[in-house]
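For reference, the structure is listed below as structure tokens.
Below, each value reflects all heavy atoms present in this structure, side chains not excepted, and no hydrogens, waters or symmetry copies. Reminder, nothing fancy here: chain letters follow the sequence lines and each chain counts from 1. Bear in mind the structure is a predicted one, so any value in this text is a computation, not a measurement.
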Protein chains: 2
Amino acid sequence: MKSTVGREEKEVFGAYLSKNHLKRSEQREVILDTFLRSDRHLSVDDLLQMVQKRRPDIGRTTVYRTLKLLQSAGLAQELALDGQSRFERDYKREHHDHFICKSCGAIFEFTSPDIERLQDEIAADIGFAIEGHRHQIYGSCRSCTSRASRAEARRSP
Amino acid sequence: MKSTVGREEKEVFGAYLSKNHLKRSEQREVILDTFLRSDRHLSVDDLLQMVQKRRPDIGRTTVYRTLKLLQSAGLAQELALDGQSRFERDYKREHHDHFICKSCGAIFEFTSPDIERLQDEIAADIGFAIEGHRHQIYGSCRSCTSRASRAEARRSP
DNA sequence: GTTCCTGCAAATCCTTTGCAAGTTC
DNA sequence: GAACTTGCAAAGGATTTGCAGGAAC
């Protein structure tokens with residue numbers, strides 16, 4: 001059960017550690033493995049809780065620090081939401097942006113080469129060299145919208 | 001000098017206060033007036049400093065609270081950047097997004113009806129009702145890019 | 001043995017809140 | 001005078017840092 005998840009990513013992480021004269025540790029292994037098994041878009045707290053189910057003695061600080069390493073290694077990417085950050089896998093994944101439902105918190109990914117191209121064109125017009133971007137669309141997802149309209153219908157039938 | 005800036009916005013704010021049984025105060029007037037005279041995209045600290053040049057006794061808390069009111073009144077809009085928020089005028093301004101230069105901090109606005117339309121289409125596909133969005137593009141502006149390449153040329157001529 | 005890691009507690013940063021005193025209506 | 005505002009200090013939440021003890025190399 002433990003061995004087959006994210007083998008490639010684990011190798012990448014190992015290589016990253018070696019190259020930077022950093023050390024392996026059981027904490028780092030557990031955190032990475034948990035991260036790779038999880039749903040996408042977890043907060044530090046989500047990850048900490050899952051990690052602590054396996055190793056209750058792993059602290060929040062270590063989770064923060066390991067997530068930083070995973071980002072440097074190209075394995076995780078931070079989604080800077082309003083109040084807190086969330087993290088998602090980033091290894092060999094194509095670029096995408098996010099819809100975020102304000103009522104249930106669900107996050108949907110989308111890609112749009114057209115939007116990317118338009119961005120690039122506008123940037124070129126003003127001589128701006130793009131390094132990254134954040135494109136988050138807030139609103140209400142399909143199920144929250146229909147739940148809301150059902151509730152509305154009940155109120156004034 | 002004092003009277004002609006943002007007359008319309010000041011009326012809107014007055015109306016907003018009345019409608020909500022809130023009170024006028026000199027602090028609120030100074031903060032709004034300072035906000036309206038300023039450059040765009042100020043942080044709370046920027047605004048506080050400018051305000052305190054005119055009325056050193058106005059506190060940071062009041063600036064925060066007044067900015068909240070200005071947002072509710074439709075006069076200001078928050079730009080949620082990474083570390084801290086910035087605020088810009090929002091009255092009768094068309095929707096736009098931002099380029100943010102990581103080296104000098106400059107912020108450039110852009111509008112793209114095409115991007116907006118594409119967003120709407122993608123949202124419609126998944127049944128997502130858009131309420132707002134955040135679209136920030138990070139990188140290096142024209143002058144920072146050319147400054148960097150001049151420095152590079154100097155190093156290896 | 002040296003260098004790196006870890007977890008705790010404390011510190012930091014930005015923002016909000018409780019409260020007593022002061023203003024506006 | 002009732003209701004709202006203000007500024008201070010304290011609280012809050014997310015993230016970072018100092019440090020002494022522990023682990024990896």
Side-chain angles (χ1 to χ4, degrees), chain A residues 10 13-35 41-49 51-73 76-87 105 134, chain B residues 10 13-35 41-49 51-73 76-87 105 134:
Chain A
K10 287 174 185 174
F13 191 50
Y16 174 83
L17 292 179
S18 305
K19 192 194 308 181
N20 293 280
H21 310 288
L22 303 174
K23 292 171 179 170
R24 273 148 245 267
S25 74
E26 183 149 358
Q27 287 93 327
R28 288 176 179 172
E29 267 165 35
V30 172
I31 293 170
L32 174 55
D33 186 74
T34 305
F35 176 71
H41 311 124
L42 352 77
S43 66
V44 173
D45 241 71
D46 294 337
L47 183 54
L48 177 67
Q49 286 191 19
V51 162
Q52 290 190 333
K53 276 188 191 152
R54 290 166 65 177
R55 286 277 312 259
D57 54 322
I58 293 183
R60 163 181 260 99
T61 310
T62 302
V63 172
Y64 272 105
R65 288 194 275 227
T66 303
L67 280 168
K68 281 253 182 307
L69 292 181
L70 296 180
Q71 287 179 81
S72 306
Q77 166 165 325
E78 183 174 357
L79 245 198
L81 301 194
D82 254 344
Q84 50 165 26
S85 295
R86 288 179 173 267
F87 295 85
R134 169 174 9 178
Chain B
K10 288 174 184 174
F13 190 50
Y16 174 83
L17 292 179
S18 305
K19 193 193 307 183
N20 294 280
H21 311 289
L22 303 174
K23 292 171 180 172
R24 276 148 241 268
S25 74
E26 182 148 0
Q27 288 93 326
R28 287 176 179 172
E29 268 165 34
V30 171
I31 293 170
L32 174 54
D33 186 75
T34 305
F35 176 71
H41 312 126
L42 350 77
S43 66
V44 173
D45 241 70
D46 294 337
L47 183 54
L48 177 67
Q49 286 190 19
V51 162
Q52 289 189 334
K53 277 189 191 150
R54 289 166 66 177
R55 286 276 313 259
D57 54 323
I58 293 182
R60 165 181 256 97
T61 310
T62 302
V63 171
Y64 272 105
R65 287 194 274 226
T66 304
L67 280 168
K68 280 254 182 307
L69 292 180
L70 296 180
Q71 288 179 81
S72 306
Q77 166 165 326
E78 184 174 357
L79 245 198
L81 302 194
D82 255 346
Q84 49 168 21
S85 295
R86 288 180 173 265
F87 294 84
R134 176 187 339 188

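In this structure, of dT15(D), dC25(C), dT5(D), it is dT5(D) that holds the atom nearest to the side chain of R28(B). Side-chain atoms of T61(B) lie closest to dG7(D) of the nucleotides dT16(D), dC5(C), dG7(D).
Salt-bridge formation is not detected for the pair E29(B)/K10(B): no Lys NZ or Arg NE/NH1/NH2 atom is positioned less than 4.0 Å from an Asp or Glu carboxylate oxygen.
We find that CD of E78(B) is positioned 11 Å from C1' of dC14(C), with the value rounded to whole Å. Here dT5(D) presents its P atom at 13 Å from CD of E29(B), a figure rounded to the nearest Å. Protein atom OH of Y64(B) is 15 Å distant from nucleotide atom C1' of dC8(D), rounded to whole Å. Per the geometry, CG belonging to L17(A) stands 19 Å off P belonging to dT3(C), to the nearest Å. One atom, CG of L22(A), and another, C1' of dT6(C), lie 14 Å apart when rounded to the nearest Å. Distance I31(B) CD1 to dG7(D) P: 7 Å, rounded to the nearest Å. D45(A) places its CG atom 12 Å from the C1' atom of dT15(D), with the value rounded to the nearest Å. When rounded to the nearest whole Å, the span between CG of L42(B) and P of dC14(C) equals 16 Å.
In the model, Q27(B) has no side-chain atom that pairs as donor or acceptor with a side-chain atom of T62(B) under 3.5 Å.
Side-chain contact between F87(B) and L70(B): absent, with no pair of heavy atoms (C-beta onward) separated by less than 4.5 Å. In this structure the side chain of L32(B) never reaches within 4.5 angstrom of the side chain of T66(B), judged on heavy atoms.
In this structure, S25(A) reaches the sugar-phosphate backbone alone: every heavy-atom distance under 4.0 Å involves primed, P, OP1 or OP2 atoms, never a base. Among the heavy atoms of the strands lying under 4.0 Å from R24(A) are primed sugar atoms or P, OP1, OP2 only; no base atom is included.
Taking only side-chain nitrogens and oxygens, Q27(A) never comes nearer than 4.0 Å to OP1 or OP2 of dA23(D). Phosphate proximity of dT15(C) to K68(B): absent, as no side-chain N or O sits under 4.0 Å from OP1 or OP2.
The minimum heavy-atom distance linking Q84(A) with S43(A) is given by the pair NE2-CB, 3.5 Å.
In this structure, R65(A) and R60(B) both approach DNA chain C, and ranking their closest nucleotides by distance from the 5' end singles out R65(A).
With hydrogens and angles ignored, no donor-acceptor pair under 3.5 angstrom links the side chain of K23(A) to the base of dA23(D).
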